[in-house]
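Here's the structure, in structure tokens; my notes come after.
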Amino acid sequence: MSEPLPPVYDPFLTEPKWQQFWQEKGFYQADPRAPGESFSMVLPPPNVTGNLHMGHAFSFTLPDVIVRYKRMRGWNVVWVPGTDHASIAVHTVLEKQLRQEGKTRFDIGREAFLEKAWAWKEYSQGTIIGQLQRLGLSLDWSRLRFTMDPGLNRAVIAAFVRLAEAGLIYRGEYLVNWCPATQSAVSDIEVDDREVQGSLWHFRYPLTEDPSQYVVVATTRPETMLGDTAVAVHPEDERYRHWIGKTVTLPLKNRQIPIIADPYVDPSFGSGCVKITPAHDHNDFEIGKRHHLPMINILNPDGTINEAGDPLTGLDRFVARQRVVAWFAEHGLLEKVEPYTHTVPYSDRGGVPVEPLLSIQWFCDVSGMARACLQASVEDNSPRFIPERWTKVYTGWLEKIKPWCISRQLWWGHQIPAWYPIIDGQRLPDPQAFVVAETEEQAYEKARQKYGQDVTLERDPDVLDTWFSSGLWPFSTLGWPDETEDYQRYYPNSLMSTGFDIIFFWVARMTMLGTYLTGKMPFKDVYINGLVRDELGQKMSKTKGNGIDPLELLDTYGTDALRYALIKEVIGAGQDIRLPYDRTSKTSSAVEAARNFANKIWNASRFVLLNLQDKTPQSWGSPDPSWLEPADRWILSRLHSCATQVIETLETYHMGEGARLLYSLIWDDFCDWYIELVKPRLRDPDQATPRQVLACVLEQILALLHPWMPHITEEIWQRLTQANQTTSLSVQAYPQPDATLINPALEQDFALMIQVIRTIRNLRIEAGIPPGAKVPVIVQTHEHLSTLRPLQSYIQDLAKVSELSLVAEAPSVSQVAVGVAGSVQILLPLQGIVDVGSLQRKLEKDLEKIHKEISSIQSRLDNPNFVGKAPPEILEKNRHQLSELQQQAAILQQRLHHLQ
RNA sequence: GGGCGAUUAGCUCAGCGGUAGAGCGCUUGCCUUACAAGCAAGAUGUCACUGGUUCGAGUCCAGUAUCGCCCACCA
């Protein structure tokens, strides 16, 4: 136990050791039968693709602070880890691999593809789990889940069947964002808007009854004209009023299409006429529905023009675009072409523009669920968002809720449990002709009842949107739909901690599905963390390549340093944070500062351990109160008042503030002052009291800091208590502040003492006294005599004073440097030749500053409004300050006279 | 076009009614037996701008500007 510790803390030696220890001993394994109020969370499951990024490190460390705190406070804690199958992301990875082999997924088939996907998942999940463990997160690994585990698949199927049986699942025609490259519908979130330099083509559509007249319509996608079924104008637009109801002849197609009136059209933009392509544009789709226009789909799934687009059938959409333009030009119907910058939605993974495409998809009617969630939010503020302002974002989205397209034309994921009846080898024409069931046998049973004995079935090949399974995550991970012990004990979750970017996609889906399927809001609080931005304040993104690799910083500074830096150095309340980073040296000043803090703790602990004579805090026992010196009582007061505040910050999710409070307690109060104050007493090996205080304060500091820096605190605590890995700091009780030990008056006395010491140190430097030399000092004060007397030896030690005269009246000494601390006068007698000019300049400088403050306070006190209306304690404070400043001025003035 | 944030020391950020703080950086002096990843001392700010409320405003209100984010996007 007593081998000396190295003077530099090495996180790489200790961190893996404790991570392994925590895991092997199962300290974070929840026991639903154990006592304690439940505190439950599920980890937002990272995708089984790629690596952990800075956002993960940030948004997972924050809740870990809370979880570790709650555990130490005696709550029955569970934090369930897991990973997400991420249909689209995995498809991207695997299809890219296949492409390199010159193949597509269709070449190898569904089964072989899924085999590859599972293999990928095994590999990738291992990587991610390893990285999560490196962050020191106190997750319950025995409950590790994956969104495609059999149990979770069962939950997905059960949820789908329940929703279908309630009539909330249907198939419908809808404009989806279609990615021709991957031939699947993609959700809005999977679309990436890019600004593109394009053109705006203006076409003439001749009036049917008089082809010499025409309307001009503009488009950025000329090929869509093949599917035009109307031209729209604003109902009040005088220019076109008389044309409403007439028809134009669609060029190239020779189709007569009506001119309709719709308020959507902005008369001030372009010609005020809009071509309407209901099957290929979201707005046009809405207009088409309003006016019962035909919807003509002109595209094949691969992005080529279909039969409806005759005569351009078979051409790629971009080739068709050129042909259309050329045709209009040839026929004198191209009014003009303008260069035009606009945003084009690109498919994230396909890398090509998505095409709004009319197709039949599966939908979930979430309007009722959204209403229920809105009601819960408005009436009960449930769930409660932290920071609160996100509530509006959440409810705003629920108010504008749209049907949720839940089908994806992919293979990796939960295949939709729906079967189509086949009668006489034919699918029925009715799109709603399907059966939904948990198993194929049950599907047959249902189908036979509905469609007769001869029916056969064909399962829908599509998989569900990944968010469908992650929407069940807070309860599917706990065993739902079974009423398991875990589910009963830990559902609903206490807290959901995640980023604002997925409030819509994930949080809202969880609340909607959760309230509908379980009857309960899936979590009480939602903590929304900001983004980690790069050193220039920009959002880190794959496309910009400006990500900062957390693993690199972990390798350089260790886990505790990164955790602490992310939370303390840079966090605001739910605000984005910016991480200082030097790309050439791959260093971060913020993380380095946190590493230095760890090192400071390490060395302070070395000092304490060195002085404990191989005994533990427990064997030293509590100090006898009657033996405590002022310094002991002071550090205990600081410890307990700080602990009170730290607990308050944790209870209100102000983890950054808590981190800062502890920084100052440890570095300033404990290291800079208490340890220095206690050193003289430690020279006597028989002095027990300072050793007892050091031991118990250190132990409590370690416990207080543990949620932020779990590894170093565990390492030191194990040595300090000689626990010998029988238990862990992470399951010890969090320090309970004792209000009787908090002594504000004493803390004030120490503040004055510190000021006096600093003034003496400053005077020594001004007077050019060598750092090591001890000098006599006179401290003069009327009102603080009794305060400073018991602290006299501290001042003497820390200011290197040979002889300290503490007096009520100042003696007349001429050769002297003077300073003031409050109303306390400090005199440093000078020997030998003195630079009178420099002393004078310093005095004049001090005086000037004081006079400025005096006049400011004086004018305030001269204001009758202030005197009449300000609260008495403020008035008192001002008067006190004024009198103190006046005393200071008098002292300095007098000394200035003496010099002259 | 709507909504939301931010704007405080050279840099990154706290403070959110009583007259400005931290870390990094900078200056000076120290290898003082826990720590040079350190110790001590020091310099640095019309708290974006304009009004308002108030005895008193980085702190509350309104507006302006700049930056950023989200949502909706004019074909």
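We name chains A, B, ... by the order of the sequence lines, and we start the count at 1 in each one.
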Side-chain N or O of A/K392 closer than 4.0 Å to phosphate OP1/OP2 of B/C4: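 Answer is yes, contact under 4.0 Å.
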
Base of B/C74 and ring of A/F269 stacked, centres under 5.5 Å, planes under 30°: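 Here A/F269 meets both the 5.5 Å and the 30° conditions.
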
B/G29 pairs with, by Watson-Crick or G-U criteria that keep both distances under 3.5 Å: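 The answer is B/C39, by the H-bond criterion.
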
Residue matched to B/C4 through Watson-Crick or wobble contacts both under 3.5 angstrom: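 Matched B/C4 with B/G68 under the 3.5 Å cut-off.
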
So [X], base contact, sugar-phosphate only, or nothing? Heavy-atom distance under 4.0 Å.
X: A/R533; answer: sugar-phosphate
X: A/V265; answer: base
X: A/N863; answer: sugar-phosphate
X: A/S605; answer: nothing

Check ion pair A/E715-A/R719 (N to O, under 4.0 angstrom):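 Answer for the salt bridge query: yes.
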
Dump every N/O contact between nucleotides 35-45 of chain B and the protein below 3.5 Å, one line per pair.
from  : atom 1 : to     : atom 2 : distance (Å)
B/C35 : O4'    : A/N603 : OD1    : 3.0
B/C35 : O4'    : A/N603 : ND2    : 3.4
B/C35 : O2'    : A/N603 : ND2    : 3.3
B/C35 : O2     : A/K600 : NZ     : 3.0
B/C35 : N3     : A/K600 : NZ     : 2.8
B/A37 : O4'    : A/N596 : OD1    : 3.1
B/A37 : O2'    : A/N599 : OD1    : 3.2
B/A37 : N3     : A/R595 : NE     : 2.8
B/G38 : OP1    : A/N596 : ND2    : 3.2
B/G38 : O3'    : A/K600 : NZ     : 3.1
B/C39 : OP1    : A/K600 : NZ     : 2.7
B/C39 : OP1    : A/W667 : NE1    : 2.7
B/A40 : O3'    : A/R761 : NH1    : 3.3
B/A41 : OP1    : A/R758 : NE     : 3.3
B/A41 : OP1    : A/R761 : NH1    : 3.4
B/A41 : O3'    : A/N762 : ND2    : 3.4
B/A41 : O2'    : A/N762 : ND2    : 3.4

Nearest to the side chain of [X], heavy atoms from C-beta on, is which of [options]?
X: A/P871; options: B/C74, B/A75, B/G18; result: B/G18
X: A/K877; options: B/C69, B/G18, B/A75; result: B/G18
X: A/Y340; options: B/A75, B/A34, B/C71; result: B/A75
X: A/R389; options: B/G5, B/C55, B/G23; result: B/G5
X: A/F504; options: B/C71, B/A75, B/G23; result: B/C71
X: A/I675; options: B/A34, B/G5, B/C55; result: B/A34

A/Y205 six-ring centre to A/K275 NZ/CZ under 6.0 Å and within 45° of normal: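 Not flagged: A/K275 not positioned over aromatic ring of A/Y205.
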
Lys/Arg cation over aromatic A/F607: A/K679, 6.0 Å, 45° cone: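 Yes; both conditions hold, so A/K679 lies above the ring face of A/F607.
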
Centroid separation A/F385 to A/W390 less than 6.0 Å: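 Not close enough - the centres of the two rings lie 6.0 Å or further apart.
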
